[in-house]
Amino acid sequence: MTELRQRVAREPEAPPEDKESESEAKVDGETASDSESRVEAVSLPPSADDTPEVLNRALSSLSSRWKNWWVRGILTLAMIAFFFIIIYLGPMVLMMIVMCVQIKCFHEIITIGYNVYHSYDLPWFRTLSWYFLLCVNYFFYGETVTDYFFTLVQREEPLRILSKYHRFISFTLYLTGFCMFVLSLVKKHYRLQFYMFGWTHVTLLIVVTQSHLVIHNLFEGMIWFIVPISCVICNDIMAYMFGFFFGRTPLIKLSPKKTWEGFIGGFFATVVFGLLLSYVMSGYRCFVCPVEYNNDTNSFTVDCEPSGLFRLQEYNIPGVIQSIIGWKTVRMYPFQIHSIALSTFASLIGPFGGFFASGFKRAFKIKDFANTIPGHGGIMDRFDCQYLMATFVNVYIASFIRGPNPSKLVQQFLTLRPDQQLHIFNTLKSHLTDKGMLTAATEDK
């Protein structure tokens, strides 16, 4: 004991600066933990009944279960009618609608974060969130314009300069926002500010990236846009119908109202729906042709010679199925086979986008992302599965459908210097000659 006392007595006392830093760390630590406990205690106000008064009066005699059924049904039909209208208006309007949906979804998710953390008065949070949205959209849509409007970009000098330095400009814009965030850091709110920085970037990843893929799918042909979206809508409706009338077995704890009966019934109904819709749409060029920009008319065109994917072919039916239906062969479009993959994903994997959204909402004790659509919640509540579907379709096209695009290769070839063009021409000529596709007589001519 005597030795221990002497050792303690010999140890120097911590300098005042270290004590101050320790106290500051302690204060910051307490603030962070207090902040977390307060954040967990925050619960957003429950959403009010946003059903239109006309429907409330018309359905007042019904029970809440059937009233909700009719409200959802009526507004679902209204949204489907609106979907048909924007399809009729063409690809340009569809792209504008995708952009509007993207902005609204971003607004709903960011608003949840703002409502949860608003008591801390975080500086520049909303301003920087919208600024990053602008930067990311500039990057993605700039890439799209360069790819699909190449001739127009090369024709206009300002656009050509912006296209040439597009990625550097995009990086500079993002770097500006990054520096603004660092300058906005405030003592005692460090952890919360980094929470919201991550919140914004994850939102951008989920919303903006996926909507950009939707635009790319649209340019491959409107059928690649309409069929996947319609399959998700069909699965959502049929799963609800089967679950409403036959549901008994809970599917997942995150969504207590989801049942196995609805999940399985929605799957079979969606596969059949996908086959029928694909058969109808594959016969129209306006749906199957890629969306291209016509430089002569300065407008989008969807006219082409349909590929083999959209031409009727005869397929032999397996012997087991022949004995059941009595058919030996069946005529169908090859795209219908691909539609089975699309509808299967929409039915089996797509709902997990909804489960993910349900878990997110439960984490913050909210029923819906917003109350934009009565009976359905916010726009994000309707598109939680669509974004996951858009990613799958884009990957599916890149993996199994899309091949080299000759028109893009020619466009890039024409932008090269004359000596580079001549070198490629001679290389291509010698290659075709070696393969026997170009004879000496042809070369002389």
Side-chain angles (χ1 to χ4, degrees), residues 91 143-155 160 163-164 166-167 213 215-225 227 278-279 281-297 299-318 328-342 392-445:
E143 296 277 318
T144 301
V145 168
T146 303
D147 287 342
Y148 293 99
F149 300 85
F150 186 82
T151 307
L152 174 65
V153 169
Q154 294 300 316
R155 193 172 60 195
R160 191 177 63 82
S163 173
K164 184 178 180 180
H166 171 68
R167 295 199 173 187
L213 297 180
I215 299 295
H216 271 250
N217 299 341
L218 177 61
F219 275 107
E220 294 295 328
M222 290 183 67
I223 195 169
W224 291 104
F225 173 85
V227 170
S278 300
Y279 181 83
M281 295 186 66
S282 295
Y284 294 91
R285 293 189 179 187
C286 59
F287 293 132
V288 304
C289 291
V291 179
E292 297 179 346
Y293 183 76
N294 190 316
N295 295 293
D296 298 328
T297 60
S299 62
F300 289 102
T301 59
V302 285
D303 188 24
C304 68
E305 188 64 31
S307 65
L309 204 62
F310 305 105
R311 294 177 183 172
L312 281 171
Q313 297 183 19
E314 197 167 271
Y315 294 91
N316 293 322
I317 297 177
K328 293 184 177 180
T329 60
V330 62
R331 284 176 60 82
M332 60 188 299
Y333 294 100
F335 180 78
Q336 288 180 271
I337 300 175
H338 294 290
S339 75
I340 297 175
L342 299 179
F392 171 74
V393 173
N394 191 269
V395 171
Y396 189 87
I397 292 173
S399 302
F400 304 108
I401 305 298
R402 184 190 297 134
N405 191 327
S407 61
K408 286 188 178 181
L409 291 176
V410 172
Q411 290 174 353
Q412 293 176 354
F413 176 79
L414 295 176
T415 60
L416 299 175
R417 298 193 310 269
D419 60 314
Q420 293 174 324
Q421 293 178 359
L422 187 61
H423 174 71
I424 293 176
F425 171 76
N426 291 327
T427 303
L428 181 61
K429 184 174 70 172
S430 62
H431 174 72
L432 295 176
T433 303
D434 293 340
K435 295 186 69 173
M437 299 176 65
L438 191 65
T439 62
T442 307
E443 292 183 48
D444 295 338
K445 289 181 180 180

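Everything numeric here is computed off the predicted structure, so don't read it as measured data. We're numbering straight along the sequence, starting at 1.
- Here the closest non-hydrogen pair linking Q336 and S278 is CG-CB, 3.9 Å.
- Within 6.0 Å of CZ on F425 lie no more than 12 heavy atoms contributed by other residues, nucleotides or ligands.
- Using a 4.5 Å cut-off on side-chain heavy atoms (C-beta onward), M437 and H431 make no contact.
- Checking side-chain atoms of Q421 against main-chain N and O of L416 turns up a donor-acceptor pair under 3.5 Å.
- Results of the ring-ring contact (aromatic ring centres under 6.0 Å, His included) test with F335 over F400, F287, W224 single out W224 as the only residue that passes.
- From I317, atom CD1 reaches atom NZ of K328 across 11.0 Å, with rounding to the nearest 0.5 Å.
- K429 NZ to L422 CG: the interatomic distance, rounded to the nearest 0.5 Å, is 9.0 Å.
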In sequence, state the C-alpha distance, the side-chain angles, and the governing distance for Y315 and T329, and then conclude on side chain to side chain contact (heavy atoms under 4.5 Å, CB included). CA-CA 5 Å; Y315 294 91; T329 60; over 6 Å; no
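- In terms of modelled atom types and a separation under 3.5 Å, the side chain of S163 and the main chain of R160 share no donor-acceptor contact.
- Between the CE atom in M332 and the OG atom in S339 there is a gap of 7.0 Å [rounded to 0.5 Å].
- Note that CG of D419 is 10.0 Å distant from CD1 of I424, once rounded to the nearest 0.5 Å.
- P306 is listed as a side-chain neighbour of R285, based on a closest heavy-atom distance under 4.5 Å.
- Atom-to-atom distance recorded for L309:CG and I337:CD1 is 9.0 Å, nearest 0.5 angstrom.
- How far CG of L428 is from OG1 of T433: 9.0 Å, rounded to the nearest 0.5 Å.
- Applying the salt bridge (charged side-chain N to carboxylate O under 4.0 Å, His left out) test to every pair with at least one member in residues 306-317, sequence neighbours left out, gives these pairs: E305-R311.
- Side chain of S430 to main chain of T427: a donor-acceptor pair is present (N/O by atom type, distance under 3.5 Å, no hydrogens or angles).
- Evaluated for a side chain to side chain contact (heavy atoms under 4.5 Å, CB included) with F310, the options P334, S282, C304, C289 yield exactly one hit, S282.
- Nearest heavy-atom pair, M222 versus V291, reported as atom, atom and distance to 0.1 Å: CG-CG2, 4.3 Å.
- With V393 as the fixed residue, the side chain to side chain contact (heavy atoms under 4.5 Å, CB included) test singles out one of L213, V227, I401, L342: L342.
- When the shell of 6.0 Å around OH of Y396 is examined, it contains more than 12 heavy atoms from other residues, nucleotides or ligands.
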